[in-house]
Amino acid sequence: MKLSYTGKTKDVYELEDGNYLLKFKDDVTGVDGVFDPGANTVGLTMEGAGRAGLRLTKFFFEILKQKGIPTHYIDADIEQATMTVKPAEVFGKGLEVICRYRAVGSFLRRYGLYAEEGQPLDAFVEVTLKDDGRQDPPISEDALDMLGILSKDEYQVLKSLTQQIGNVVKEELAKKGIELYDIKFEFGRVGEDKQIVLIDEISGGNMRAYKDGEYIEPLELEKMFL
């Protein structure tokens with residue numbers, strides 16, 4: 001295997017058959033030892049976080065497959081903390097797409113003049129550039145189109161998929177009495193027809209989930225849910 005990319009929470013290897021292997025690490029994003037799914041730095045290492053994240057990812061990606069929602073997922077090996085995926089081309093240098101159900105995190109920091117903490121949001125979709133140096137700035141549909149990152153038609157697909165997938169995760173968590181406040185996704189283009197699909201992961205490390213108004217840490221979320 002050839003190491004293709006080293007990320008904050010996983011390493012990516014190129015396989016001989018053209019697919020890729022994601023190796024989940026125990027590093028999670030945050031600041032000063034406090035977990036934050038919206039942070040641009042690795043804040044702490046939590047033993048078992050890699051496998052916990054992969055267990056949730058496998059669970060959700062397989063549900064999406066059953067529902068006919070496209071992803072890059074092929075299979076996963078929990079013991080090895082690895083996931084095999086199809087090759088995907090990211091938009092520009094990478095986008096993050098957030099689906100928000102309550103006002104917390106960076107949404108509240110930006111719009112606190114108008115928003116109250118925890119107020120309901122109607123599956124609000126927000127796109128940010130993956131740009132650590134500029135703290136992942138939000139970008140509009142028009143700007144994405146003008147800068148050639150994705151077309152307006154592609155944006156509508158991206159938005160629709162984000163809300164569909166967010167609602168699947170929200171409904172599954174609700175079965176265990178857990179409320180999803182927000183979740184972050186990544187998408188890419190796959191195959192000759194450039195189909196837009198979900199890539200990366202769906203884990204406690206990229207969502208904020210609460211039970212009875214109390215925030216649930218990523219490792220605890222995996223235990224409570226699975």
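Only this structure's heavy atoms are used, side chains among them; waters, hydrogens and symmetry mates stay out.
Between Leu64 and Ile202 there is a side-chain heavy-atom pair separated by less than 4.5 Å. Counting only heavy atoms from C-beta outward, the side chains of Val168 and Lys67 approach each other to under 4.5 Å. At a threshold of 4.5 Å between non-hydrogen side-chain atoms, the residues Met207 and Leu173 count as touching.
Counting only residues at least two apart or in different chains, salt bridge (charged side-chain N to carboxylate O under 4.0 Å, His left out) contacts with residues 80-91 comprise Glu89-Arg189, Glu89-Lys194. Among pairs with a residue in residues 39-49, none fulfils salt bridge (charged side-chain N to carboxylate O under 4.0 Å, His left out), at least two apart in sequence or across chains. Among residue pairs with one or both ends in residues 93-121, those qualifying as ring-ring contact (aromatic ring centres under 6.0 Å, His included) are Phe107-Tyr111, Phe107-Phe124; sequence neighbours excluded. Within the structure, salt bridge (charged side-chain N to carboxylate O under 4.0 Å, His left out) pairs that include any residue of residues 167-178 comprise Glu172-Lys175 (at least two apart or interchain). Applying the salt bridge (charged side-chain N to carboxylate O under 4.0 Å, His left out) definition to pairs two or more places apart or across chains, those involving residues 211-226 are Arg55-Glu222.
Nearest heavy-atom pair across Met83 and Phe24 is CB-CE1, 4.0 Å. Between Gly118 and Val104, the shortest heavy-atom contact is N-CG1, 4.5 Å. Nearest approach of Gly50 to Asp26, heavy atoms of both residues: N-OD1, 2.8 Å.
Interatomic distance, CG of Asp136 versus OG of Ser106, reported as 9.0 Å (0.5 Å rounding). Thr6 contributes atom OG1, which lies 4.5 Å from atom CG of Asp11 (distance to the nearest 0.5 angstrom). Rounded to the nearest 0.5 angstrom, Phe59 CZ and Leu54 CG are separated by 14.0 Å.
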For this session: Could you go through the side-chain hydrogen bond (donor to acceptor under 3.5 Å, both in side chains) check for Asp75 and Thr84 one step at a time?
Result: CA-CA 5 Å; Asp75 58 36; Thr84 308; 3.1 Å; yes
Problem set entry | Trace of the side chain to side chain contact (heavy atoms under 4.5 Å, CB included) decision for Ile196 with Glu154 | CA-CA 8 Å; Ile196 296 175; Glu154 286 180 317; 3.8 Å; yes
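For the side-chain hydrogen bond (donor to acceptor under 3.5 Å, both in side chains) test, residues two or more places apart in sequence or in another chain that qualify with Gln164 are Ser160. For Asp200, the salt bridge (Lys or Arg N to Asp or Glu O under 4.0 Å) partners at least two apart in sequence or on another chain are Lys10. A search for side chain to side chain contact (heavy atoms under 4.5 Å, CB included) contacts involving Pro120 returns Arg102, not counting sequence neighbours. Contacts of Arg109 classified as salt bridge (Lys or Arg N to Asp or Glu O under 4.0 Å), with partners at least two apart in sequence or in another chain: none. Listed by chain and residue number, Lys8 satisfy the salt bridge (Lys or Arg N to Asp or Glu O under 4.0 Å) test with Asp132 (two or more places apart in sequence, or in another chain).
Through direct or relayed side-chain contacts under 4.5 Å between Ile, Leu, Val, Met, Phe, Trp and Tyr, Val31 connects to no other residue.
Side-chain contact, Arg134 with Thr128: no donor N or O sits under 3.5 Å from an acceptor N or O.
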Side chains of residues 138-146: which donor-acceptor partners sit under 3.5 Å, not counting sequence neighbours?
| from | atom 1 | to | atom 2 | distance (Å) |
| --- | --- | --- | --- | --- |
| Ser140 | OG | Ala143 | N | 3.2 |
| Asp142 | OD1 | Lys152 | NZ | 2.7 |

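Using cut-offs of 30° and 60° for the angle between ring planes, the Tyr181 and Tyr210 rings count as parallel.
Heavy atoms from other residues, nucleotides or ligands lying under 6.0 Å from CG of Asp17 number more than 12.
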